[in-house]
Protein chains: 2
Amino acid sequence: MDKTAYLDAARRHCESRGCRLTELRQQVLELVLEHPGVVKAYQVLADLQRQRGAAAPPTVYRALDFLVEQGLLHKVDALNGFILCHHFDCPHDGLILVCERCGGVEELDATGCLSSLTDAMGKVGFTPRAQNLVLTGTCRSCQA
Amino acid sequence: MDKTAYLDAARRHCESRGCRLTELRQQVLELVLEHPGVVKAYQVLADLQRQRGAAAPPTVYRALDFLVEQGLLHKVDALNGFILCHHFDCPHDGLILVCERCGGVEELDATGCLSSLTDAMGKVGFTPRAQNLVLTGTCRSCQA
DNA sequence: TTTACGATGTTATACAGTAACATGTAGCCT
DNA sequence: AGGCTACATGTTACTGTATAACATCGTAAA
């Protein structure tokens, strides 16, 4: 899927949920799109400032929060960063592996693996926040 | 296990690993112990300042990092906080559930559940950072 | 047109974490 | 004892992350 198609799909996704992918939000999404792996909010802020001359933290955080809420991005708490979510339109159990060294992202389909986890959680009445599990660690090529 | 016994066990645990649970480190551990669930670094800092009059962030962070390294605490990235680890002496795959609303913590033994996860990760050469998986969500009593 | 609401701008500040260097302290070696 | 070494702690200053609170603007419905 090329960039234009992706943005179109993202826009339709938002609208189908009763929200608007405004110009600012799309601009932020495009900036995230530019980066291969994990993106930091203040990196996006710097990019945004280069493009429009002025921007403050809340501007970026509001847009990022919106995109996370729509399922277009995932927050990687361990790294204080954000990553793109492919598959925002087909909800499934994903396992997202983020390398702490190179920032690379790898996605596994972990539906099978996660079912026993969610079973265990369900038994104690616990509802996990996100359907996609984001883990940090070290990828194969960074093992040293 | 009461507090004194716990601290003794913690001390022996550190010493068996060639480290010392110094007075400061124990003091920080006790402060964490005071709180039922998730504790924030700056909360510990404030407590510490009340007890000894002066303390700076590095003092607290160094102690907390040490305790995490020894396995006595876990860091909860999603909440920028720390929680106690019971079972620091019997290494096993734990699943730690943190409620976003009440801050409560629940630990499951998830050895079985996690094996399929680690299998899947191993297949792509990925090494997860921590052996304990920390998830956030909503606990039974906070489901509302 | 007015009203209401959601989005954005703006300022200031709170919260989280670390770099770099100074000082202290305990054990070891000669 | 004296000095060396390694680790622990103190201190200052800073960078990075995130949000509160309020002002403004645009758009769409009443």
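Throughout, a chain's letter reflects where its sequence line sits, starting with A, and its residues are numbered from 1. Scope of the values below: all heavy atoms of this structure, side chains included, with no hydrogens, waters or symmetry mates.
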Nearest to the side chain of [X], which nucleotide is it out of [options]?
X: A/Arg25; options: C/dA7, C/dT11, C/dG17; answer: C/dA7
X: A/Pro57; options: D/dA18, D/dT9, C/dT18; answer: D/dA18
X: A/Pro58; options: D/dA20, C/dA16, D/dA8; answer: D/dA20
X: A/Lys40; options: D/dG10, D/dT17, D/dT11; answer: D/dT17
X: A/Tyr42; options: D/dA18, C/dT10, D/dT19; answer: D/dA18
X: B/Ala41; options: C/dG17, C/dA7, D/dA18; answer: C/dG17
X: B/Leu24; options: C/dG17, D/dT9, D/dA18; answer: D/dT9

Indicate, with yes or no, if the rings of A/Tyr6 and A/Phe88 have centres closer together than 6.0 Å. yes
So A/Arg62, base contact, sugar-phosphate only, or nothing? Heavy-atom distance under 4.0 Å. base
Open item on the list: Please classify the nucleic acid contact of B/Thr59 as base, sugar-phosphate, or nothing, using heavy-atom distances under 4.0 Å.
Closed with: base
* Taking the side chain from A/His13 and the backbone from A/Gln70, do they hold a donor-acceptor pair closer than 3.5 Å? -> yes
- [ ] Ignoring hydrogens and angles, tell me if any N or O in the side chain of A/Arg140 forms a donor-acceptor pair with the backbone of B/Phe126 under 3.5 Å.
- [x] no
Quiz item: Hey, does the side chain of B/Asn80 come within less than 4.0 Å of D/dT17's phosphate (OP1/OP2), counting only N and O?
Solution: no
Check whether any side-chain nitrogen or oxygen of A/Tyr61 sits under 4.0 Å from OP1 or OP2 of D/dA18, and answer yes or no.
yes
Within this structure, what is the [atom1]-to-[atom2] distance between [X] and [N], rounded to whole angstrom?
X: B/Leu45; N: D/dT9; atom1: CG; atom2: P; value: 15 Å
X: A/Asp65; N: D/dT17; atom1: CG; atom2: P; value: 15 Å
X: A/Leu79; N: C/dA16; atom1: CG; atom2: C1'; value: 15 Å
X: B/Gln43; N: C/dA14; atom1: CD; atom2: P; value: 17 Å
X: B/Leu48; N: D/dT11; atom1: CG; atom2: P; value: 12 Å
X: B/Asp77; N: D/dA18; atom1: CG; atom2: C1'; value: 16 Å
X: A/Arg20; N: C/dA7; atom1: CZ; atom2: P; value: 6 Å
X: A/Gln26; N: C/dT8; atom1: CD; atom2: C1'; value: 17 Å

| request: Start with the C-alpha gap between A/Glu34 and A/Lys3, add the side-chain angles, then the distance that decides, and say whether salt bridge (Lys or Arg N to Asp or Glu O under 4.0 Å) holds. | output: CA-CA 10 Å; A/Glu34 302 275 314; A/Lys3 187 173 156 185; 3.8 Å; yes
Between A/Thr22 and B/Phe82, the residue closer to the 5' end of DNA chain C by nearest nucleotide is A/Thr22
By nearest-nucleotide position on DNA chain C, the 5'-leaning member of B/Lys75 and A/Glu23 is A/Glu23
### Task
Check the surroundings of atom CZ in A/Arg20: do more than 12 heavy atoms from other residues, nucleotides or ligands lie under 6.0 Å from it?
no
Next item on the list: Would you mind checking if B/Arg50 and B/Asp47 are paired as a salt bridge, meaning a charged N to carboxylate O distance below 4.0 Å?
Entry: yes
